[in-house]
There are 2 protein chains.
Amino acid sequence: MSLAQIRYFIAVAEEGHVGRAAHGLRVAQPAVSRQIKNLEDELGALLFVRTSRGMQLSSSGRVFLDHARGILQGVEHAALAVRASRSTS
Amino acid sequence: MSLAQIRYFIAVAEEGHVGRAAHGLRVAQPAVSRQIKNLEDELGALLFVRTSRGMQLSSSGRVFLDHARGILQGVEHAALAVRASRSTS
DNA sequence: TGAGGTTACGCCTATCGTAATAATG
DNA sequence: CATTATTACGATAGGCGTAACCTCA
């Protein structure tokens, strides 16, 4: 699992389309498609249901989404906290 | 920032030595040394004070450590939650 | 057949390990 | 000089983009 995979996952979950997510992430479609697949393989669960119109979160995907957002927020907070502490050091 | 960097950082913080941390991580010393440096560069702060006997957390490092642990726990919980939800899907 | 997602394939960057180089007590 | 960290450098793996392919309404 990587932070990039988590970002890609959240983007697809919010957009409902790999293509649209890729555009927002400024990355090509296959990059997102592959990383979502890698993530699913590692977790041993399908995170999305593929429909002919796009991707919809599966129940496992919904479970993962909450955690995923928390992780990214944790990363942001960590960076902010360190940058803030710099002046105090 | 990557999850590997966070793992390396925590290991060094706990061991107090790059070498010992590397051994525990089953990776060579320079890999850890470099990633710690990359992390420090990205965060714009020194996370450790280098002594001739090893590495000691700086005040910025102490700030980061709490966040770092939380992030990794978040990752673990996320994976566990998805694996648990698999059977429920 | 059009609107999506995925697989194939070649390139390129990032990371690694070994070996060499500091630095410090 | 022993101990520990860092830098150099060549090799490799993982990620990306383009292009080709698949699937479903």
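Model, not experiment: these values are computed from the prediction. All chains are named by letter (A, B, ...) in the order of the sequence lines, taking the proteins before the strands, and each is independently numbered beginning at 1.
Here D:dT7 presents its P atom at 11 Å from CZ of B:R34, a figure rounded to the nearest Å. Atom pair A:L25:CG and D:dC16:C1' shows a separation of 13 Å (rounding to whole Å applied). The separation between A:L3 atom CG and D:dG15 atom P is 13 Å, rounded to whole Å. For the pair B:R26 CZ and C:dG17 P, the interatomic distance rounds to 13 Å; values are reported in whole Å. One can place NE2 of B:H23 at 13 Å from P of C:dG17, the figure rounded to the nearest angstrom. Between the CZ atom of A:F48 and the C1' atom of C:dG4 there is a distance of 15 Å, given to the nearest Å. At whole-Å resolution of the value, CZ in B:R7 and C1' in C:dT15 are 15 Å apart. Counting to the nearest Å, the C1' atom of D:dG15 and the CD atom of A:E42 are 15 Å from each other.
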Atom pairs under 3.5 Å: protein N/O with N/O of nucleotides 1-5 of chain D:
residue, atom, partner, partner atom, Å
D:dA5, OP1, B:V18, N, 2.6
D:dA5, OP2, B:G19, N, 3.1
D:dA5, OP2, B:Q29, NE2, 3.1

Please write out the pairs of protein N or O atoms and N or O atoms of nucleotides 11-13 of chain C separated by less than 3.5 Å, giving the distance to one decimal.
none

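In this structure, B:Y8 reaches the sugar-phosphate backbone alone: every heavy-atom distance under 4.0 Å involves primed, P, OP1 or OP2 atoms, never a base.
Taking each heavy atom of A:A45 and B:V82 in turn, the nearest pair found is CB-CG1, 3.8 Å.
Panel note: side chain A:H17, backbone A:R53; a donor-acceptor pair is recorded below 3.5 Å. A donor-acceptor pair under 3.5 Å is formed between the side chain of B:E40 and the backbone N or O of B:L47. In this structure a side-chain-to-backbone donor-acceptor pair under 3.5 Å is present from B:S58 to B:L46. Looking at A:S85, its side chain never comes within 3.5 Å of a backbone N or O of B:V63 through a donor-acceptor pair.
Residue A:Q35 places its side chain closer to D:dC16 than to any other of C:dG17, D:dC16, C:dT7.
Residues in residues 49-74 of chain A take part in these ring-ring contact (aromatic ring centres under 6.0 Å, His included) pairs, two or more places apart or across chains: A:F9-A:F64.
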